[in-house]
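Read the structure below first, then the notes.
Here is how names work: the chains are called A, B, and so on, in the same order as the sequence lines, proteins then strands, and each is numbered from 1. Every value quoted in this text rests on a predicted model; they were computed, and no experiment measured them.
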Amino acid sequence: MPRRSRLIFHIDVNSAYLSWEAADQLQHGASLDIRTVPSVIGGDAEKRRGIVLAKSIPTKKYQINTGDTLYSARLKCPQLLIFPPRYDLYIRSSAAMLELLGEYSPSIQRYSIDEVFMDYTKMEEHFGEPIRVAHHIKDKVKRELGFTVNIGIAENKLLAKMASNFTKPDRVHTLFPEEIPTKLWPLPVEDLFMVGRATVPKLHRIGIYTIGDLAHSDPKLLKKRLKSHGTLIWNYANGKENSPVGNIPGIKSIGNSSTISFDVEDRKTAHMFLLSLTEMVAMRLRSSNYLAQVIGVSLKSQEFFSYSHQRRLYTPTDSTNKIYTTALALFGEMWQGEPLRALGIRVGGLVDNTPRQLSLFDPGDLYRQRALDTVVDKMRVKYGSNIIMRAVFLHSGIKPLTGGVGEEDYPLMSSIL
DNA sequence: TCTGGGGTCCTAGGACCC
DNA sequence: TCTGGGGTCCTAGGACCC
């Protein structure tokens, strides 16, 4: 075995949402393992959220893809089983896996709810040869937690991630430098991380169809055509990437958006949804101990046209009222009365919420506003998010908070991901 | 009963300043 | 009287990820 500059593991849960649902069902006495039949996790079509979020391996021969509408998925496979998402279960399952992995290295990075990077460099003396240990870890996850993972092993994060994407499920793959020509380069270019829907046709147009084609193309030409993104994917195709595991920079923005079960056509209803979203975003902002300098509103029309407006404030804020009134102003500037399918609020330009010089233009009731927001946050954490709500939501049929993970059950969970 | 939600980063163009 | 030019900030939109 050659000496490796670094040893990086990428652990990827196979069909995460679906695997976690399957494992939970079996633990509760189900006789059918839904991973063995065509099945998907999908949103609620009546609420216009009916898309495939995760799919079992047997759906492959029906050509069902993540993102398909449930309508089209059912056309492809009439006997398809569909289960709703359960974000609380996913958060618990993900945390259990992270805890298990923590035994094998002090350097662990949660990349998403179902992907983890682990730096195994210099850990061999403790736990042994990397491929053997990877098998041990994957078998332990299966035995103790009830779901399967793929593990990719390489000298950097990019190649480890590419390796974990090879054949699934329940597999360990390596992608060391000497294996790049045989294992990576033959793959279609769209399989490369960061080569998405818009880039593929541009690459095809210049005769690039495989990752190998990209690796051997002229980086100057790519840069000319694709700017910095061209340089990035050329490096990736050649296996060049050297970011460390861990040291995730702080969050940059916090947002929530929602597709509404009906088209919003009047200002009053739109305002209520904006308030509901603002309540969630502002609560998350305060719990993260940041203040926001930029407030943004995004809309999606019935015809799927998306657009947004944002504004930078003179004074950073975490006040629900300030964010809401800014959002209303932005909404008023951009909305021409077209039916709306979705609305969103996002705050950015985050700065630490440490004691600061008050601007001359701060409202005099700043502290009273803050005290009120803080009390409401505490009550919602303690008694549930519906314990206190703005009067406009009474009998409106609209939830007083919208967004976050797990809807009303886990209003604060999203901020840990 | 047709198309989610939460993020990050980049680019282009305009405003503004010197 | 013939329209410089660089730097920075801001905003809108797009591309990508899971």
Side-chain angles (χ1 to χ4, degrees), chain A residues 10 12-13 15-17 40-54 65-75 82 84-85 87 90 94 110-117 157-158 161 164-165 190 192-202 223 226-233 236 248-263 277 280-281 284 288 293-314 330 333-334 341-350 402-407 413-417:
Chain A
H10 180 253
D12 190 334
V13 180
S15 316
Y17 289 3
V40 299
I41 304 297
D44 184 344
E46 280 189 22
K47 291 183 172 165
R48 308 203 291 186
R49 294 167 186 180
I51 64 162
V52 173
L53 299 165
N65 296 310
T66 303
D68 283 357
T69 61
L70 294 183
Y71 176 83
S72 80
R74 255 185 295 239
L75 285 181
I82 302 174
Y87 295 103
Y90 308 155
S94 175
R110 168 183 249 155
Y111 181 69
S112 72
I113 195 162
D114 66 338
E115 291 182 37
V116 175
F117 288 104
K157 282 159 71 175
L158 181 271
K161 186 164 166 54
S164 70
N165 254 323
E190 57 267 33
L192 184 64
F193 180 67
M194 290 305 289
V195 174
R197 233 183 39 199
T199 306
V200 170
K202 294 180 193 171
K223 174 146 197 198
L226 301 173
K227 313 291 181 193
S228 63
H229 190 236
T231 305
L232 180 82
I233 61 176
Y236 282 2
I248 310 146
I251 52 163
K252 304 275 169 52
S253 70
I254 295 171
N256 287 107
S257 63
S258 183
T259 294
I260 315 299
S261 57
F262 54 92
D263 285 336
L277 288 159
M280 179 60 79
V281 170
R284 291 175 59 203
S288 72
Q293 279 187 285
V294 179
I295 315 293
V297 173
S298 60
L299 304 177
K300 179 149 72 180
S301 75
Q302 177 209 341
E303 296 165 318
F304 276 81
F305 182 69
S306 295
Y307 45 105
S308 65
H309 270 208
Q310 64 178 55
R311 176 166 302 159
R312 180 167 283 264
L313 306 173
Y314 290 108
L330 290 162
E333 291 166 16
M334 62 195 297
R341 177 187 175 89
L343 298 92
I345 300 276
R346 179 164 295 278
V347 297
L350 302 185
T402 296
V405 172
E407 300 288 341
M413 279 303 198
S414 55
S415 54
I416 64 163
L417 295 181

To the nearest angstrom, how far is [X] atom [atom1] from [N] atom [atom2]?
| X | N | atom1 | atom2 | answer |
| --- | --- | --- | --- | --- |
| A:R346 | C:dA12 | CZ | C1' | 15 Å |
| A:R311 | C:dA12 | CZ | P | 9 Å |
| A:L232 | B:dT8 | CG | P | 17 Å |
| A:K47 | B:dG4 | NZ | C1' | 13 Å |
| A:R341 | B:dT1 | CZ | C1' | 11 Å |
| A:I233 | C:dC17 | CD1 | P | 10 Å |
| A:M194 | C:dG14 | CE | P | 17 Å |
| A:Q310 | C:dG14 | CD | C1' | 13 Å |

Checklist entry - Residues in side-chain contact (heavy atoms from CB on, under 4.5 Å) with A:E333, at least two apart? => result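 Testing A:E333 for side-chain contact (heavy atoms from CB on, under 4.5 Å), a comparison that skips the adjacent residues, returns A:H309, A:R311, A:L330.
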Next on the checklist: If the condition is side-chain contact (heavy atoms from CB on, under 4.5 Å), which residues does A:S261 pass it with, not counting sequence neighbours?
Outcome noted: A:K47
Have a look at [X] and say if it touches a base, only the backbone sugar-phosphate, or nothing, with a 4.0 Å heavy-atom cut-off.
| X | result |
| --- | --- |
| A:V195 | sugar-phosphate |
| A:K202 | nothing |
| A:S112 | sugar-phosphate |
| A:S258 | sugar-phosphate |
| A:T199 | sugar-phosphate |
| A:D44 | nothing |
| A:I254 | sugar-phosphate |
| A:G43 | nothing |

Which one, [options], comes nearest to the side chain of [X]?
| X | options | value |
| --- | --- | --- |
| A:K300 | B:dG6, B:dG4, B:dT1 | B:dG4 |
| A:H309 | B:dT1, C:dA12, B:dG4 | C:dA12 |
| A:S253 | B:dG5, B:dT3, B:dT8 | B:dT8 |
| A:N256 | B:dG6, C:dC18, C:dA12 | B:dG6 |
| A:T259 | B:dG4, B:dT1, C:dC18 | B:dG4 |
| A:T69 | B:dC2, C:dA12, B:dG6 | B:dC2 |

Item to check | Derivation of the side chain to side chain donor-acceptor pair (under 3.5 Å) call for A:R346 and A:S308 | outcome: CA-CA 10 Å; A:R346 179 164 295 278; A:S308 65; over 6 Å; no
Checklist entry - Looking at A:A54 and A:Y17, what are the two nearest heavy atoms and their distance? => result CB-CB, 3.8 Å
Checklist entry - Closest heavy-atom contact between A:K223 and A:T231? => result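 Closest approach of A:K223 to A:T231: CD-OG1, 3.5 Å.
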Checklist outcome for this item: Across all chains, not counting sequence neighbours, the ring-ring contact (aromatic ring centres under 6.0 Å, His included) partners of A:F304 are none
Checklist entry - Is there a side-chain polar atom (N or O) of A:R49 under 4.0 Å from OP1 or OP2 of B:dG5? => result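 Looking at the OP1 and OP2 atoms of B:dG5, one of them is under 4.0 Å from a side-chain N or O of A:R49.
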Next on the checklist: Counting neighbours of CZ on A:F262 that are heavy atoms of other residues, nucleotides or ligands and sit closer than 6.0 Å, is the number greater than 12?
Outcome noted: yes
Checklist outcome for this item: Base-pair string, DNA chain B, Watson-Crick plus G-U, cut-off 3.5 Å on both distances, | for inter-strand, is ....||||||||||||||
Next on the checklist: Let me spell it out: for each of A:R48 and A:G255, pick the nucleotide of DNA chain B with the closest heavy atom. Which residue's pick is nearer the 5' end?
Outcome noted: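 Going by which nucleotide is closer to the 5' end, it is A:R48.
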Checklist entry - Once you round to the nearest 0.5 Å, how far does CG of A:L75 lie from OG1 of A:T69? => result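 So the CG of A:L75 and the OG1 of A:T69 are separated by 7.5 Å.
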Checklist entry - Distance between the P atoms of C:dG4 and B:dA15, in whole angstroms? => result 15 Å
Can you give me the N/O atom pairs linking the protein to nucleotides 9-11 of chain B at distances under 3.5 Å, or say none if there are none?
residue: B:dC9; atom: OP1; partner: A:K252; partner atom: NZ; Å: 3.4
residue: B:dC9; atom: OP2; partner: A:K252; partner atom: NZ; Å: 3.1
residue: B:dC10; atom: O3'; partner: A:S228; partner atom: OG; Å: 3.1
residue: B:dT11; atom: OP1; partner: A:S228; partner atom: N; Å: 3.3
residue: B:dT11; atom: OP1; partner: A:S228; partner atom: OG; Å: 3.1

Item to check | With A:D263 via salt bridge (charged side-chain N to carboxylate O under 4.0 Å, His left out) - residues at least two apart | outcome: A:R48
Checklist entry - Which is it for A:R49 and A:S258 under the side chain to side chain donor-acceptor pair (under 3.5 Å) test, yes or no, and what are the steps along the way? => result CA-CA 10 Å; A:R49 294 167 186 180; A:S258 183; 3.0 Å; yes
Checklist entry - Taking the six-membered ring for Trp, does A:F304 stack with B:dT3 (centroid gap under 5.5 Å, planes within less than 30°)? => result yes
Checklist entry - Given A:T402 and A:M280, is the side chain to side chain contact (heavy atoms under 4.5 Å, CB included) satisfied, shown in steps? => result CA-CA 6 Å; A:T402 296; A:M280 179 60 79; 5.8 Å; no
